[in-house]
Amino acid sequence: VESRNLGKLSNNTIARMVSKPNKGVKSRDTHWPASCPLAGEEYFISIGCGNSTIHWALHHTLTKYDTQQNLQPVIMWKTPHIMPEDLDGNEANVLARLLPRKLQQYFFGENGTYTKEVAEEVSKNRGFDITYYIISSNDEQAACIFRLLESVPSRVFRMKGEDFYSATEGRYDTMGIDRCACLKGSSTIFGFPTLVIDGGSAITYTAMDAHGHIMGGGISPGVKMRLKSMNEGTGALPFIKTEDILRYIRRALDEKRPLSTFAKNTEEAMIASTLNEIGAHLRHVIRIWSEKVESSNIKTDDEEVKPDKTIAVTGGSGEIITKLLQPNSGGIVELANDVKQDYVVTWEKTLLHIGVAAALLSHVKKNYEEISEKIGGKKQAEMDPLTHKNLIGKRIAKYFDQAAEDNDHMYRGTVDNMKQTRGVLMFHVSYDDGDKEQVPLDDLQAMITKYELVGEKKSSENIKKRPREKETNRYVGARIAKRFDDGVVYYGSVISYNDEYWKIKYEDSDEEEFDIDELNKYLKFYKEQEKMNRK
């Protein structure tokens, strides 16, 4: 999807899009436990709508056995906003163009046909629909996403602030849903206290104290907004593009010469002042937060415990902000010598998505506990192997990303044994291709249910061993350059090869995959850029 300005929707249009009945998408708002991932689902997707881009993440599904260490997304990607004119009856094709290549195959198969009918057939063979969780304060984009996901079998929920925190935990009515999700992600990773700085179109910060109570936060203009306001509010100051900002920053880092506080050209003066203001403001915020956190130290019987102070930075300009908050401002701008730093700053691109997964995990566990209390003795029954002896010999089915030689992603097998492992009842499964796996009861029940949906292969002759992934060093280490929709040229390197696709890692740590045509295109573009830079 090309990057274009989002056409404004009228209130009537939005109302029609939000309220329009649909057959493919089930539900809208979260209602627990109905909104939890369903038994049999292997993945779910979280979607964060920013002011200029949409951030997507694919997660493994969650069960009561999962812990906070299982919350990292499998894959993340970002896309431009969806245009209303794209929703013209060909939504399946639009959705396919928003997905990474391997997920296109996961949703629509490998024949390159992107229609609702194909998606329904693939979902039926897979044995489960996908659940989507939307984090958005943008009603227009949320409405567009709901419409878009009508093109595939799915459940779609728009999460609310109360899904993450209650009012007694300090959440206030006007607190943005994205800030709730990022705070949940940070507190899940780093514990309490925590401070989250989100560098988007606006820069926000949200604080939590050592007791897990939300302290509040603040909002100020982001990097591009500050520079744009200077251009639009004056008659002489230039418009500074994103690539110009990055060029000045790269030069400061490469030459180990920070941008001067007393600049001698207008562009550098605007950029240096903007970055200095942001850095100084956020250091002030951190200092005040630190003082408040330290004043409420957690006391034990022996001593006072001074809490760790970790600041989690996320958002589009998060990497720049992280550098600004490092000692010596990361070498980007000049910093006075008397500035002391007694905290750790870390850049975490996945905060929002981890926050969604953490909120879901809490609801999954809560639902299980409530069911256990109602039934009484369920946990003890689950732990008794005799209770589940009848599952031995049952046929199961499970979807794998790697297809067999007949292009079937669904693998069948048989339950052949069970035993308790560290207090958890585990079942041994032998697949028809010879592979083996141990799974807990919840997963096994989902696999049995899936088998009941898909049944056996049409012909036993089609049962073949899963092929091992190909490996090659061709092009690995080569440099590429790509101009993205925002006009900025990003540089990266080829880091691996798998199944006819080369994985690219950019200098800002983003990743994507190229086929051979794309790879040759951006290898050539890198050489062209290098020639221009030498000139």
Side-chain angles (χ1 to χ4, degrees), residues 37-44 58-63 65-66 69-70 72 74-75 101-111 121-130 382 385-473 496-501 503 513:
L38 299 178
E41 292 183 0
E42 292 180 348
Y43 298 103
F44 67 90
L58 179 78
H59 308 252
H60 284 297
T61 197
L62 300 166
T63 72
Y65 298 107
D66 284 301
Q69 283 69 44
N70 305 118
Q72 282 285 352
V74 178
I75 184 175
R101 191 175 306 277
K102 286 189 176 180
L103 289 185
Q104 288 178 352
Q105 298 173 354
Y106 185 76
F107 285 99
F108 296 98
E110 299 180 356
N111 62 5
E121 182 63 25
V122 171
S123 178
K124 180 180 178 181
N125 292 334
R126 189 170 58 226
F128 62 93
D129 297 344
I130 299 291
E382 280 196 1
L386 294 176
T387 306
H388 304 289
K389 188 176 180 180
N390 63 322
L391 297 179
I392 304 299
K394 285 279 189 181
R395 292 287 286 165
I396 59 90
K398 183 176 179 179
Y399 183 96
F400 284 89
D401 291 336
Q402 182 70 29
E405 293 178 2
D406 59 356
N407 290 325
D408 189 359
H409 288 265
M410 195 67 67
Y411 292 83
R412 282 80 172 173
T414 303
V415 184
D416 56 20
N417 198 1
M418 63 179 176
K419 69 174 183 178
Q420 287 186 359
T421 302
R422 293 184 180 179
V424 177
L425 189 59
M426 300 295 291
F427 293 81
H428 293 246
V429 173
S430 294
Y431 290 94
D432 295 342
D433 67 355
D435 283 354
K436 297 180 182 295
E437 185 178 20
Q438 292 188 59
V439 297
L441 178 61
D442 279 3
D443 289 358
L444 182 71
Q445 290 173 333
M447 294 160 72
I448 292 172
T449 300
K450 188 170 298 182
Y451 175 80
E452 293 172 351
L453 290 171
V454 301
E456 294 288 351
K457 284 179 178 287
K458 293 181 180 179
S459 171
S460 59
E461 297 177 358
N462 288 332
I463 300 175
K464 299 179 180 180
K465 182 78 175 178
R466 278 194 299 261
R468 301 297 181 188
E469 293 187 350
K470 302 174 184 176
E471 293 185 358
T472 177
N473 291 324
S496 64
Y497 171 86
N498 178 39
D499 195 21
E500 299 183 4
Y501 296 104
K503 179 176 284 189
E513 293 182 333

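Note: hydrogens, waters and symmetry copies are ignored here, and every other heavy atom, side chains too, is used.
Separating the CD1 atom in I130 from the CG atom in L38 is a distance of 11.0 Å, to the nearest 0.5 Å. Rounding to the nearest 0.5 Å places CE of M418 at 10.0 Å from CG of L441. One finds the NZ atom of K394 at 11.5 Å from the OG1 atom of T414 (value rounded to the nearest 0.5 Å).
Taking the side chain to side chain contact (heavy atoms under 4.5 Å, CB included) definition, one finds that K503 meets it with I495, S496, E511, E513, sequence neighbours left out. The salt bridge (charged side-chain N to carboxylate O under 4.0 Å, His left out) check on K398 picks up E437, with sequence neighbours excluded.
Within the 3.5 Å criterion, the main-chain N or O of F128 finds a donor-acceptor partner in the side chain of S123.
Looking at R412 and D433, no side-chain N of the basic residue comes within less than 4.0 Å of a carboxylate O on the acidic one, giving no salt bridge. Under the 4.0 Å criterion applied to side-chain N and carboxylate O atoms, E42 and R126 are not assigned as salt-bridge partners.
Taking the six-membered ring for Trp and the full ring otherwise, H60 and Y43 have centroids separated by under 6.0 Å.
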Discussion item. As a quick check of understanding, evaluate salt bridge (Lys or Arg N to Asp or Glu O under 4.0 Å) for E452 and R395, giving each step before the final call.
Written reply: CA-CA 9 Å; E452 293 172 351; R395 292 287 286 165; over 6 Å; no
Fill in: salt bridge (Lys or Arg N to Asp or Glu O under 4.0 Å) between K124 and D129, worked out
CA-CA 8 Å; K124 180 180 178 181; D129 297 344; over 6 Å; no
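Of all heavy-atom pairs between T61 and E41, the closest is CG2-O, 2.9 Å.
Side-chain contact between I392 and H428 is absent, with no heavy-atom pair separated by less than 4.5 Å. Between F44 and L58 there is no side-chain heavy-atom pair separated by less than 4.5 Å.
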